[in-house]
Every structure is written in C-alpha cells, then in structure tokens.
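Convention: sequence-line order gives letters A, B, ...; per-chain numbering from 1. Hydrogens, waters and symmetry mates play no part in the numbers below; they use all other heavy atoms, side chains included.
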Amino acid sequence: MEYNFREIEQKWQQRWVEQKTYQVAEDSSKKKFYVLNMFPYPSGAGLHVGHPLGYIASDIYARYKRLQGFNVLNPMGYDAYGLPAEQYAIQTGQHPEVTTFQNINRYREQLDKIGFCFDWNREVRTCDPGYYHWTQWAFQKMFNSFYCYKCQSAQPIDSLIKHFEEKGTEGLDVAQSEELTFTAEEWKAMDEKQKSDTLMNYRIAFLAETNVNWCPGLGTVLANDEVVDGVSVRGGFPVEQKKMRQWCLRVSAYAQRLLDGLDTIDWSESIKETQRNWIGRSEGAEVKIKVADSDVEFTIFTTRADTMFGVTFFVLAPESELVDLVTTADQRKAVDDYIKYVKGRTERERMIDHTVTGVFSGAYGINPITGDKCPIYVAEYVLAGYGTGAIMAVPAHDSRDYAFAKHFNLPIIPLIEGADISEESYDAKEGIVMNSPKVEPLSNSPEGEDSLVLNGLTVKEAIAKTKEYITRTGLGRVKVNYRLRDAIFSRQRYWGEPFPVYYKNGIPQMIPEECLPIQLPEVDKFLPTETGEPPLGNATCWAWDEANKQIVENSKIDNQTVFPIELYTMPGFAGSSAYYLRYMDPHNNEALLSKQAAEYWQNVDLYVGGSEHATGHLIYSRFWNKFLYDLGISVKEEPFQKLINQGMIQGRSNFVYRIKDTNTFVSLDKKEGYEVTPIHVDVNIVSADVLDVEAFKAWRPEYHDAEFILNDEGKYICGWAVEKMSKSMFNVVNPDMIVEKFGADTLRLYEMFLGPVEQSKPWDTNGIDGCHRFLKKFWNYMTADTKECDPTAQELKALHTLIKKVTGDIEQFSYNTSIAAFMICLNELTKIKSESKAVKEALAVLIAPFCPHLAEELWEMLGHATTVCDAPWPAFNEEYLKEDNMKMMVAFNGKARFPLEFPVGTEQQTIIDTALQEPQSQKWLEGFNVVKVIVVPGKMINIVLKPA
RNA sequence: GCCGAAAUGGUGGAAUGGUAGACACGAGGGACUUAAAAUCCCUUGGCCAUAACGGCUGUGUGGGUUCGAGUCCCACUUUCGGUACCA
C-alpha cells in the first residue's frame with residue numbers, strides 16, 4: 001500500500017474539526033500546560049516556510065505534553081492592528097479591516113494545511129471590539145492608578161488624592177515624572193485643571209508633554225524600539241525629535257521589578273541580558289551644585305562619586321530648563337545660537353555624527369567638596385532624558401568628557417595612580433585613588449571622625465566612602481537611575497484601538513467602564529485632516545454625550561453636555577501586551593478573564609517567538625502583566641515562564657550568470673573566462689541547483705529569447721547564496737507548495753530536522769527528500785504484516801532506545817536528534833524484520849507529535865477508534881537496554897586503539913590484566929613502561945605509558 | 001566602543017571530558033529496468049599506503065589544565081545578533 005499523504009492529511013484535518021479534537025476546557029482533574037506562540041501580524045505576503053518553524057516546534061511540544069497526560073492550552077490569534085494595512089488603505093481607499101480580514105483568512109488557510117493542534121475556538125484578534133474592550137479597560141485602570149514604592153505595587157489614584165488632602169506630598173514614596181512638593185492646603189486650593197495636571201505626574205497612564213520620535217513620513221510618533229538608526233522600522237522614513245502632548249505609560253515605575261523578575265524565569269541568558277541592558281540600572285549619587293553669584297542650584301547624577309576631585313567643568317543638556325536660568329547676559333546669544341543649532345539636527349544626524357560641540361554658558365558651578373569654581377557648559381552629548389540632564393565632567397576618567405576638554409582646552413586632573421591620560425581617558429573603575437586631598441569635617445557634621453580621605457583607597461572603596469560622605473553631610477544623596485523610559489502610548493493613526501477618553505474643558509475624562517468598548521469610528525479618509533489632526537479627526541460621529549452615555553455626532557459638541565473624544569489611537573503593543581490572558585477565557589463579556597480561568601491556567605509555561613521582541617513586546621508584556629498582577633487579575637507576576645527564541649529561516653537564493661552585453665547565460669561550472677553578471681532567479685524554477693531552462697524562458701519576457709551555455713551533461717547549474725528570505729531575492733519558498741508536493745508531515749519533520757530550533761539556518765528544499773523517504777519507509781514498515789505476539793528482545797531494545805532518546809530530546813527541544821533516532825530505529829526494525837503490533841503501536845504514539853496525520857492513520861489501522869492524541873506516551877524500561885557484555889575501548893596515552901568486550905560486572909583488575917595481556921596490546925607496550933591504567937566502566941581502558 | 005551567541009567534511013548538522021563527523025543531503029560506484037523514475041546495496045574528512053592489514057593527520061588561531069579536550073581555563077582572529085554619547 002502506498003503512502004498517500006494527500007488523502008490521509010485531508011481526512012484527518014477534517015476529522016479533527018468535526019470531532020473538536022483540539023478544543024480544551026478547564027479540567028481540575030488534570031495538570032495544565034500552556035503553550036503559546038507569539039501571534040502573527042497577518043501581512044499581505046502570506047506565510048513563507050520560515051514562519052511556521054516556531055509553530056511546529058511548539059506544536060510538537062504541545063502534543064507531546066498532551067500525550068503525557070497534561071491538559072494543554074495551545075491557542076492562536078492575530079495581531080491585527082498595524083501600519084501596512086493602514087498604508088494600503090491610504091493608497092487605495094480600501095478599509096484596513098477588509099485587507100486585514102483577507103490576510104487573516106489567507107493565513108488561516110495556510111496554517112490549517114500544516115496540521116497544528118490549535119484550539120481555534122479561542123482565537124483572538126486585537127482589532128475585534130470584544131477583545132480591545134479589555135485593552136481599553138486596562139488603560140483606564142492604569143489611568144486610575146499610581147505606583148507606590150513603599151508597597152511595591154500599583155494603587156488606586158483615589159488613595160493618593162486622599163493622601164494629598166490630608167498631608168500634601170509629605171511622606172510620599174511614589175513613582176512620579178518630576179518631584180513635586182506641596183501641602184494639603186495648597187492641594188485644596190488648586191482648581192480642577194491644576195489638580196488634573198498634578199495627578200498626571202503620578203498616574204500610570206498619563207498625559208505628558210514629551211520629546212517624541214516624530215516620523216513625518218508616517219505622520220505619527222514612534223516608540224524607541226520602532227526606530228532603528230534614526231529611521232522608522234516600518235517604511236524606513238526619517239525620524240525627528242518633537243515636543244508633543246502624548247499618552248504615556250509609567251513603565252519606569254516597574255524598572256526594578258522587571259529587572260528582579262528576570263532571575264525567576266527560564267529564558268536564554270542572552271535575551272535576559274538584553275533586557276537588563278535595556279532597563280539599565282545604574283547605582284550612583286545625585287549631588288547638588290550651587291551656581292556662583294546666583295541663587296540657582298542644580299543637581300547632577302554620577303556613578304563615579306570618587307572622582308569629585310577631578311571635576312573641571314559641568315555640562316547641561318541643551319533641552320534642560322536650567323540652561324535659561326544660568327546663562328549670563330554676555331553668553332546669551334552664543335547659547336541661543338547653539339540651541340537653535342541643536343534643535344535643527346535630526347535624531348539621525350545626532351546618532352551618526354559624534355563630533356564635539358558645545359558652548360560656555362557664562363556661569364560657574366561650585367564643587368561642593370573642593371569648593372572650586374568650574375565653568376558650566378551646554379552640550380548635546382548630555383541627554384535631557386537621563387539622570388538630571390546635568391553632569392559633572394571628569395575628563396581624566398570619562399572618554400566623552402575627555403574629548404570635550406581637549407576640544408575646549410579645559411584642564412584634566414588624573415585621580416588614579418599609574419593611569420596614563422596623555423592620549424585618552426582612563427575609564428576603568430579600578431585602581432588606587434590619588435590627588436584627592438583630605439577634606440576636613442564640616443562644622444555641621446556630628447562626630448569628630450567625619451573627614452573624607454580617599455587617597456590610597458581602591459576606586460570601589462572610594463565610591464562607597466564618598467557616597468556615604470555626601471549623604472551624611474547633605475550635599476547629595478544616593479540614587480539609582482534606570483535607562484528604561486516611560487512608553488509613549490499614543491499614535492496619530494487610524495488603524496488602532498481608540499482611547500476611551502473624552503475632553504471636558506481640556507481635562508481628560510474616562511468614558512464610564514460600563515460603556516466600553518468604544519468602537520473605532522468610520523472615516524472617509526485615513527489621512528490626517530487638513531488642520532493636521534490625526535485621522536480620527538475625519539470621523540463625523542466622534543463625540544461623547546455625557547448625560548446619555550453614548551457616542552454622538554461631532555456637530556453636537558457644545559462642551560456642556562457633549563464633548564470631543566480623543567483622536568489618538570493606541571500603539572501596536574497595546575493589543576499584544578495581555579493577549580495571553582485573554583486566551584484563557586476568550587468569550588468572557590464580563591471581564592478580561594474569570595478568576596477561575598486565571599487560577600487554572602496561571603501563566604504561559606512555554607512561549608515561542610523571535611528574539612527581535614526582546615526590548616519591545618517582551619518588556620511591555622511583562623510590565624502589563626505586573627500591573628494586572630497588582631490589580632489581582634493575573635495570578636503570576638511573570639507572564640512567560642519559559643521562552644524559546646526560534647531562529648530565522650534564511651533564504652537560499654539561486655543565480656544565473658549573464659554574459660555581459662548579451663542575452664546568453666552560462667552555467668556556473670563554465671563561467672570561468674567570461675565577464676558575467678549574476679542575476680537572482682526564482683528558486684521555484686530551480687531544482688537541486690539545476691535550472692529549468694524552459695521555465696526560465698517563460699519566467700519573464702526579457703528572457704524569452706535567452707540562450708544558454710550548458711555544462712557537459714547538458715545542464716544549467718545555478719550559483720547560490722544565503723540571504724534573507726524575501727520577494728526581491730526570488731527565494732521565497734511557500735509552505736503550501738511543499739505540503740502539496742510532500743505533505744504536511746514531511747514539511748513538519750523537515751523543518752525540525754534542519755537543525756536546532758533556536759538557531760538561524762538557511763532553507764534548502766533539496767534536503768527534504770530524505771525526510772519524505774523516511775516517512776514512506778516508515779509507512780511501509782507500519783503497514784506491512786503485523787502479528788499480535790510478544791516483541792522479541794531485539795525489538796524491545798530498538799524501541800526502548802528510541803523512547804529514551806525521543807523523550808529526552810523533546811524535553812530539550814532537540815528535535816533534529818530525535819528524528820535521527822527514528823531513522824536509526826526504523827532501520828534496525830526493518831533489518832530484524834519486526835512484525836510486533838505492540839512495537840508498532842508504540843511507534844505510532846512516538847511519532848504523533850511530529851507527524852500527527854500519519855500517526856492518526858496508523859493508529860486507526862492498528863484498530864483504535866479514538867484519536868492518537870489521547871494515547872498514553874510509551875513508558876521507558878531500562879531493563880530492555882541492558883547488555884550481557886560491555887564494549888570498551890583500549891587506549892594508550894588517551895589514544896583509542898581497539899575495542900574489547902567484557903561480561904557485565906567483570907572485576908576492574910581482571911579488565912586491566914586482560915587488556916595488558918591482549919596480543920594487540922603488545923606492539924603498543926613495546927619499549928614503554930606502564931605508569932597506570934584508568935578504567936571507565938563500559939567506555940574506556942586508558943593505559944598510560946612512559947618510554948622505558 | 002560595550003553586551004551576547006557562535007566557528008566541526010562539498011552542505012545542513014551529531015557528539016553527559018572518553019573511538020570526532022550520528023542522521024540526512026549532495027557526490028561516486030553497483031543492482032533492478034529496453035529506458036527513465038522509484039527502490040535497494042556499497043563508498044564518501046584529508047593525506048599516505050596496500051593483494052590485504054594499516055598508518056599519519058584533523059573540530060577558527062596560539063597557549064594551558066587533564067591519563068585523555070570539539071567539549072574546561074586564558075589570550076587572540078573572524079562571523080552573526082543586540083545596543084550605543086545613559087554620566
């Protein structure tokens with residue numbers, strides 16, 4: 001009987017749907033296991049063979065876990081909001097929802113052919129109002145919360161208001177944009193607008209005037225992770241800095257918890273390290289600096305408190321408000337000119353061009369420890385967004401300060417013994433401190449021993465000592481800074497979640513929770529309005545009737561009872577930040593998810609996706625989950641317990657070689673001596689690097705009359721290279737095509753056989769034959785004569801070797817080696833003419849995670865009426881692998897020479913004696929003395945020799 | 001610059017510190033066939049050697065630890081990712 005994969009796969013895919021094989025429900029009698037793939041953005045190009053890699057890997061694991069008896073949740077959905085659909089809409093007028101739905105259908109069609117065990121009943125789409133209801137809801141919760149450092153959690157904003165009413169800001173330890181101080185009386189005296197503005201300083205979702213990455217090409221702001229090299233990730237348009245009023249999320253409040261949480265999860269060290277760097281914790285100190293001849297005082301942040309004696313100037317960020325306060329009259333013009341210059345520079349220019357620029361402000365700052373007066377400069381190398389936007393410059397021990405000092409001819413004072421600073425600064429945090437004279441105790445210091453002596457200490461000691469000194473004397477304080485910024489949460493786009501917010505006299509108000517979701521309105525144009533408002537400004541029905549609690553036409557806006565609704569929409573990461581929770585209870589209209597579902601499914605046990613989301617989605621999601629955890633919605637502090645980053649499948653491009661100025665193409669092995677241009681050729685008309693010449697002629701009109709110089713066998717051989725898989729390289733291989741030709745089971749097997757899941761590797765269709773041949777042989781073996789007799793010892797040995805290998809390998813996601821084990825096992829069973837039904841049944845179960853269609857068909861043929869998905873995973877029995885003899889290698893000085901067999905349990909001394917007396921040993925022993933013999937039971941007898 | 005991962009045949013890749021190159025592709029040879037496809041068998045890291053056996057060498061480079069290193073340690077080279085005036 002032939003292996004008819006088309007029939008088999010179609011039959012089982014249909015049956016799985018009919019019998020709802022993959023629908024799961026909470027079942028307290030079983031342990032849960034939650035497998036999740038990062039849901040895809042359904043792009044117009046459809047899936048190529050690289051996309052399903054992670055899905056297949058997780059599908060195998062999900063099926064394996066189910067066979068192990070777990071109740072497995074393995075859902076799938078779509079990250080449906082995104083720029084491409086909107087850009088397409090702008091160009092064609094086609095509503096983004098239409099193209100998105102088309103793309104989703106195409107994705108689904110492709111996915112279905114591969115035979116995944118997704119529970120499609122739980123599908124979510126971020127653009128579905130039933131879904132984004134909870135995105136809006138979470139946003140409102142964030143708006144109505146602040147972050148309390150004392151209790152290390154988000155708290156309702158009402159409790160903060162109460163605190164203000166009673167004590168003002170006294171005794172607060174909370175996350176805030178800037179440090180405010182006011183009394184209860186002052187708070188009570190504020191009007192509504194002032195109160196609203198003040199609360200924005202504390203809310204977790206808040207409005208702020210911030211410097212944003214403005215992308216004129218896209219007409220919207222972008223998050224830091226959406227900008228690479230000064231251009232937008234989507235579209236590659238230039239990005240500039242602009243001050244705008246934006247919704248932001250106070251991600252920075254969770255910086256420490258995001259950092260600490262990394263130690264509790266099973267992710268690759270490299271991705272955790274990336275997140276640690278992104279969070280960028282740095283311990284340092286803030287020091288207050290008085291400006292000479294002025295009342296102005298500013299604060300600097302430093303991690304090198306030990307270098308206070310090497311300060312020769314101070315620097316302010318150009319955007320800092322302090323610049324205006326310190327600049328003297330005679331330097332005013334120079335400073336203004338410089339600031340104008342800085343503003344005119346794009347983000348990109350600043351990134352590429354690191355030449356030293358800056359200007360003297362005219363003012364001097366006083367070093368609080370030495371009392372020295374040092375000039376204050378304004379320079380763009382100091383960033384407003386980090387620390388306090390002001391630094392003390394120690395040119396001897398900071399390369400940026402060094403370059404600046406050299407450029408402006410400022411003094412450089414070395415502070416570390418033996419450091420050569422004639423050519424460059426000495427930045428290392430090690431060495432012995434010098435040049436730091438004793439600082440006498442201040443009059444206000446308590447006990448007598450209060451001087452500061454740094455000379456002779458190591459840098460580490462000196463940092464600690466200085467920090468302690470400035471804290472004690474009130475010159476400053478110890479401070480931890482994080483590089484992690486608050487996330488900008490609004491976009492000037494159409495195709496995103498609308499904000500459930502309206503504006504009453506400029507004060508943002510939340511639309512009542514019971515009115516959610518508020519749905520994205522229809523617009524006639526997807527571009528910004530003529531007055532420069534975001535696309536939602538085109539909506540005619542986008543106003544909030546407060547009394548009647550409903551959306552009404554804009555024309556009714558009177559700012560008395562009907563108010564304008566927010567025109568911004570939410571960014572892409574809004575919908576993808578908590579989708580894993582929604583899968584647990586996707587049809588719930590009352591809540592994001594029920595308590596019961598949350599308690600049962602907890603969090604994701606295995607998350608599979610690309611590492612490119614390390615500083616985007618994977619940070620935002622962790623933040624979002626921690627916030628929901630504080631609210632008691634999510635039951636686990638970390639959303640994704642184990643993370644596997646699947647590698648990228650690269651394309652394998654093929655080339656033809658056109659002889660210059662002709663339409664003649666020369667085969668790779670004949671091209672020596674010709675001047676040729678390599679041209680990408682569609683890999684789908686090339687087979688094993690041999691070009692289908694007729695297909696090539698038909699491929700494009702300009703090749704219709706092409707001529708060829710073939711090799712001696714009459715073939716045209718193409719060159720090849722590994723490149724990114726993309727349309728423009730003509731190297732895209734479509735999974736449907738592979739499924740059509742070889743079947744889904746072969747595709748699944750081959751994708752895993754290519755190499756480790758986490759590794760990037762090129763796709764090469766050439767190798768797929770091997771996997772297909774294996775399945776054919778497997779099929780032949782399984783469908784051949786079968787007897788219901790006890791398996792022989794040989795059969796059991798082959799089988800249990802396989803069980804052990806496959807079980808261990810799947811646990812470690814080492815699928816390629818377990819497939820190799822299948823191939824070896826099959827060879828063995830064929831060789832010994834195995835016919836045992838019991839062995840075949842076990843094999844059908846073992847292969848089920850990899851090739852589910854085939855496994856089902858075989859399971860049925862073996863006489864089972866139920867799905868193989870619920871069969872028990874075969875138990876491993878060590879007994880069957882036990883051998884009577886152990887094979888050992890005799891080695892001389894570590895070099896293996898010949899094998900020797902001993903009965904199991906042979907005495908060590910007997911082994912040594914036998915090995916030494918073995919005739920084969922004699923020639924190695926000649927002329928040498930035996931120093932010692934090392935026996936590794938079952939492996940190695942190493943005889944250590946020394947010349948006689 | 002900093003952080004991370006990696007480097008093994010013609011190719012993809014295997015190897016708890018114990019016979020390097022499993023498994024597969026490709027290639028070469030053979031069987032079956034009128035022929036092709038399909039299928040099956042043999043060979044396949046390099047060098048030397050043989051009637052046959054065999055020997056040497058070999059995991060990016062240079063050191064080290066060890067009876068024994070692809071694997072552990074130190075230094076370096078290259079490649080690929082991430083990040084970048086973060087004080």
Side-chain angles (χ1 to χ4, degrees), chain A residues 2 224-225 228-229 268-278 280-282 284-285 300-304 307 315 317 350-351 353-354 356 379-383 385-394 397-401 403-404 427 481-485 611-612 614-615 645 647-648 650 652 688-689 720 722 749-750 753-756 758-771 773-774 776-777 780 808 814 816-824 827 887-899 931-936 938-946:
Chain A
E2 205 185 318
N224 286 335
D225 63 284
V228 171
D229 293 336
S268 75
E269 205 42 52
S270 83
I271 210 147
K272 285 205 244 181
E273 202 51 33
T274 304
Q275 291 212 342
R276 284 191 194 105
N277 292 340
W278 191 258
R281 179 188 160 101
S282 73
I300 58 97
F301 175 75
T302 180
T303 55
R304 291 296 300 274
T307 57
V315 188
R350 269 181 95 156
M351 261 177 167
D353 175 24
H354 277 188
V356 178
E380 59 179 333
Y381 84 88
V382 173
L383 306 176
Y386 185 76
T388 58
I391 62 151
M392 64 179 210
V394 185
H397 303 294
D398 182 288
S399 54
R400 295 151 302 177
D401 297 345
F404 195 86
D427 290 18
N481 259 329
Y482 300 90
R483 206 188 74 117
L484 185 71
R485 308 287 172 86
S611 57
E612 67 272 20
T615 55
N645 297 114
M648 287 253 288
Q650 293 141 309
R652 188 178 185 279
D689 290 337
W720 63 274
V722 172
L749 204 63
Y750 184 57
F753 187 66
L754 271 178
E758 301 192 69
Q759 195 170 304
S760 286
K761 58 239 159 190
W763 176 265
D764 184 358
T765 308
N766 291 335
I768 201 167
D769 279 338
C771 287
R773 269 201 281 267
F774 162 71
K776 278 198 275 191
K777 284 191 249 178
N780 289 338
S814 178
N816 56 335
T817 52
S818 44
I819 295 167
F822 271 109
M823 292 173 174
I824 295 166
N827 254 330
K887 282 192 189 123
M888 293 177 74
M889 210 62 199
V890 179
F892 296 92
N893 284 340
K895 192 141 184 106
R897 291 302 173 180
F898 60 90
V931 178
K932 59 175 162 174
V933 181
I934 292 145
V935 178
V936 185
K939 283 187 177 163
M940 178 75 71
I941 307 151
N942 192 13
I943 298 161
V944 185
L945 301 174
K946 208 171 68 182

Please tell me if [X] has a side-chain N or O lying less than 4.0 Å from either OP1 or OP2 of [N].
X	N	result
A/Tyr381	B/A87	no
A/Lys776	B/U39	yes
A/Arg773	B/A38	no
A/Asn277	B/G4	no
A/Lys761	B/G12	no
A/Gln759	B/A6	no
A/Ser760	B/C80	no

Within the structure shown, what part of the strands sits under 4.0 Å from [X] by heavy-atom distance: base, sugar-phosphate, or nothing?
X	value
A/Arg485	base
A/Asn816	sugar-phosphate
A/Met889	base
A/Lys272	nothing
A/Ser282	sugar-phosphate
A/Ile824	sugar-phosphate
A/Arg897	sugar-phosphate
A/Leu383	base
A/Val382	base

Side chain of [X] - closest among [options]:
X	options	answer
A/Arg483	B/G68, B/C23, B/A84	B/A84
A/Asn766	B/C40, B/G18, B/C25	B/C25
A/Ile934	B/G82, B/G18, B/A87	B/G18
A/Trp278	B/A22, B/A84, B/C67	B/A84
A/Glu273	B/G4, B/G26, B/G18	B/G4
A/Phe753	B/A24, B/C25, B/C67	B/A24
A/Ser270	B/U19, B/G4, B/A87	B/G4

[N] and [M]: how far apart are their [atom1] atoms, nearest whole angstrom?
N	M	atom1	result
B/C42	B/C23	P	12 Å
B/U83	B/G21	P	41 Å
B/C32	B/A14	C1'	34 Å
B/U65	B/G70	P	16 Å
B/C47	B/G26	P	23 Å
B/G45	B/A22	C1'	15 Å
B/C41	B/A24	P	11 Å
B/G12	B/G60	P	14 Å

Complementary nucleotide of [N], counting Watson-Crick and G-U pairs under 3.5 Å:
N	result
B/G81	B/C3
B/G58	none
B/G70	none
B/U19	none
B/G26	B/U44
B/A51	none

So, the side chain of [X] versus the backbone of [Y]: is there a donor-acceptor pair under 3.5 Å, distance only?
X	Y	answer
A/Asn942	A/Ile934	no
A/Asn277	A/Gly280	no
A/Gln650	A/Trp763	no
A/Lys946	A/Val944	no
A/Lys777	A/Asn827	no
A/Asn893	A/Leu945	yes

Figure out the CZ/P separation between A/Phe774 and B/A24, and round it to whole Å. 10 Å
Protein-nucleotide distance (A/Glu269, atom CD; B/A6, atom P), rounded to Å: 12 Å
Side chains of A/Asp427 and A/Ser399, donor plus acceptor under 3.5 Å: yes
One should read off an interatomic distance between A/Ile943 CD1 and A/Ile941 CD1, to the nearest 0.5 angstrom, of 7.0 Å
Provide the closest heavy-atom pair for A/Thr388 versus A/Phe301 in the form atom of the first, atom of the second, distance. OG1-N, 3.7 Å
Would you mind telling me which residue lines up with the more 5' stretch of RNA chain B, A/Ala390 or A/Pro899, judged by nearest nucleotide? A/Pro899
Residue met sooner reading RNA chain B from 5', once A/Pro762 and A/Gly894 are mapped to nucleotides: A/Pro762
Mind telling me whether B/G9 is syn or anti, cutoff 90° either side of 0? syn
